Amino acid sequence: MLCLFSVSCQESSLQEHVHRLFSREVTRQQVVVPASFTPASARHLSSQLDSVFNYFHKKRGFNGAVLVTKYDKVIYEGAFGYADFYHKDHLTTQTAFQLASVSKQFTAMAVMMLQEQGKLSYDDSVQQYIPSFPYKGITIRSLLTHRSGLPNYTYFSDKLWPNRKAPMTNEDVLHLMEVYQPKIYHKPNTQFDYSNTGYCLLAAIVAHASDMPFATFMQTQIFEPLQMTHTFTFSSDLHAPPAEVATGHTGSRQKRTTDYLDTVLGDKGVFSTVGDLYKWDQALYTDKLVKRETLNEAFTGTSMEKKKNEAYGFGWRVCQLDCGDPVVFHAGLWHGYTSYILRNPKDHSALIILSNLPNGSLRPLKNEVQQLLYPAPLQQVAANKQRKVASARPVKASHRSQKKAS
């Protein structure tokens, strides 16, 4: 179901809000709009996007809200399906979703803001803020870039948390680590290993360094200044979601209930809408929150040994598309929600997809849309096909590989 489909040479009310919000900014990163990007070409692209999203909704079961921009303009915005399959409440573009791991970029922003304020340094040890923390050699930078080697709290808490009906906090996670000291995965700063625990710790460090609860910092220092009025962090008081919050579901459309892990913040726990994430995207082209130099470091990334074509910055994955454009992106999956945001600074475009039905449709959907938004040169397409054909050919195994396989 398409709830909103619009493209116009006039700014939408959402775009007008963004213009008003940042009109006073002295430093805003500009982009040159080519003559080829006309209202007619924007309408044509919007029509193509509408066809893709409707196909995936009707044929592949996609259920969620989407927003696509080009040269800072919203060219497509829509919602498909239900906020709650039991009550048949329809989604709208004002519906909030759990962002899952897309929340990490907000945690990283909080750290960057405190670094600029002189309240912490990226190379500080965790013990400078949490003296009782038992693991040595881990810095804030290690946590930001997933190189801490710490065990995943969502796994070890299954065995160590005594009362599953009691909500767990970030301080509770710290207490479990101090008391039981679960074994690390690897030594700090030796390799990339995606870590929810690291971002849980970052949220605790933000609270210590700012002298305010993490959720309060998020609300007062990020969400309110950017007028993200439909964005908030999960709370144990949120027993029943507000009317404009999507219910998480299993892939078979059964309602997902919250549990004791939902109240741990930093690695997840932010709820938002596609419109508010557009405001967030636009804020990152300004110095509203942090300086340009600070953001450049966050978007540069450190290597990911197992993915040669991808790196990780501060709360963002970094890669190059087949068309050659460098982009930053992140995906999320948690308790019945999936999320995806991609930003291309070359043309100030963004792809935002939020879903409350993790049925496997999001990955092929975002791939299809990205191919439409960022078509690769014909030479690159041919090279990709050749690589696929080559990889599909049977290769005669060596004696060594045959022995290993047996």
Side-chain angles (χ1 to χ4, degrees), residues 11-31 33 65 67-75 77 93-94 96-97 99 101-117 144 202 206 210 214-233 266 269-300 313-318 326-330 332 339-354:
E11 290 187 328
S12 68
S13 59
L14 185 60
Q15 292 165 337
E16 289 171 351
H17 156 78
V18 172
H19 176 74
R20 289 195 304 271
L21 183 59
F22 299 118
S23 61
R24 65 180 180 275
E25 290 297 325
V26 177
T27 56
R28 175 178 173 83
Q29 186 177 343
Q30 302 295 329
V31 62
V33 181
L67 186 144
V68 182
T69 72
K70 195 90 166 175
Y71 299 108
D72 295 320
K73 304 289 186 181
V74 177
I75 61 171
E77 188 177 10
T93 55
Q94 299 300 309
F97 296 75
L99 298 185
S101 285
V102 171
S103 304
K104 288 181 171 70
Q105 57 201 245
F106 294 98
T107 305
M109 176 58 76
V111 173
M112 290 187 284
M113 293 171 71
L114 291 170
Q115 186 268 339
E116 283 197 356
Q117 295 168 20
L144 285 168
L202 286 173
V206 167
S210 65
F214 176 75
T216 302
F217 188 98
M218 289 286 103
Q219 195 66 40
T220 61
Q221 306 301 305
I222 299 179
F223 303 152
E224 289 178 5
L226 300 186
Q227 298 184 28
M228 297 173 68
T229 54
H230 295 86
T231 304
F232 57 93
T233 52
V270 174
F271 285 71
S272 191
T273 65
V274 291
D276 272 9
L277 289 178
Y278 168 59
K279 296 175 185 178
W280 167 245
D281 162 68
Q282 290 293 287
L284 297 179
Y285 290 117
T286 76
D287 60 356
K288 179 76 176 178
L289 298 177
V290 294
K291 298 175 184 176
R292 174 57 42 195
E293 295 80 6
T294 301
L295 274 176
N296 285 343
E297 183 174 6
F299 294 154
T300 299
F314 297 168
W316 291 91
R317 295 180 184 269
V318 183
V327 297
V328 294
F329 69 99
H330 214 291
S339 55
Y340 184 75
I341 179 171
L342 177 142
R343 303 179 69 246
N344 186 339
K346 181 179 179 179
D347 60 3
H348 281 211
S349 62
L351 169 60
I352 301 167
I353 306 176
L354 304 177

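Index from 1, following the sequence. It should be emphasised that the depicted structure is a prediction, and the values quoted were computed from it without experimental measurement.
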Side chains of [X] and [Y] in contact at under 4.5 Å (non-hydrogen atoms):
X	Y	answer
I352	Y340	no
T273	Y278	no
M113	I222	yes
L284	F299	yes
L295	M109	yes

Would V274 and L354 count as a side chain to side chain contact (heavy atoms under 4.5 Å, CB included) here? Give the steps. CA-CA 7 Å; V274 291; L354 304 177; 3.9 Å; yes
Would F314 and T300 count as a side chain to side chain contact (heavy atoms under 4.5 Å, CB included) if you check the C-alpha gap in whole Å, the side-chain angles of each, and the deciding distance to 0.1 Å? CA-CA 9 Å; F314 297 168; T300 299; over 6 Å; no
Exactly one candidate in V290, L289, V111 meets side chain to side chain contact (heavy atoms under 4.5 Å, CB included) with E116; the answer is V290
Test side chain to side chain contact (heavy atoms under 4.5 Å, CB included) on T93 and L67; report intermediate values, then the result. CA-CA 9 Å; T93 55; L67 186 144; over 6 Å; no
Closer than 4.0 angstrom, basic N to acidic O: yes or no for R292 and D287? no
Spacing of CG belonging to L342 relative to OG belonging to S349, to within rounding of 0.5 Å: 7.0 Å
So, using salt bridge (charged side-chain N to carboxylate O under 4.0 Å, His left out) as the criterion, who are the partners of K346 when residues are at least two apart? D325
Given 3.5 Å as the limit, does a donor-acceptor pair link the side chain of [X] with the main chain of [Y], or not?
X	Y	answer
S103	V270	yes
R343	D281	yes
T69	A350	yes

Set of side chain to side chain contact (heavy atoms under 4.5 Å, CB included) partners for [X], sequence neighbours left out:
X	value
Q219	F223, E224, F232
V318	A311, V328
S272	L99, M228, T231, D276, L277
H348	Q29, V31, D72, Y285

Suppose we screen for side chain to side chain donor-acceptor pair (under 3.5 Å). Which residues come up paired with W280, at least two apart in sequence or across chains? Q105
Where do [X] and [Y] come nearest, in terms of heavy atoms and distance?
X	Y	value
K288	P225	CE-O, 3.7 Å
V206	A110	CG2-CB, 3.9 Å
V102	F106	O-CD1, 3.9 Å

May I have the step-by-step check of side-chain hydrogen bond (donor to acceptor under 3.5 Å, both in side chains) for K104 and S101, ending in yes or no? CA-CA 5 Å; K104 288 181 171 70; S101 285; 2.9 Å; yes
Run K279 and H230 through side chain to side chain contact (heavy atoms under 4.5 Å, CB included) and show every step you take. CA-CA 11 Å; K279 296 175 185 178; H230 295 86; 5.8 Å; no
Does a donor on one side chain and an acceptor on the other come within less than 3.5 Å for T294 and K291? no
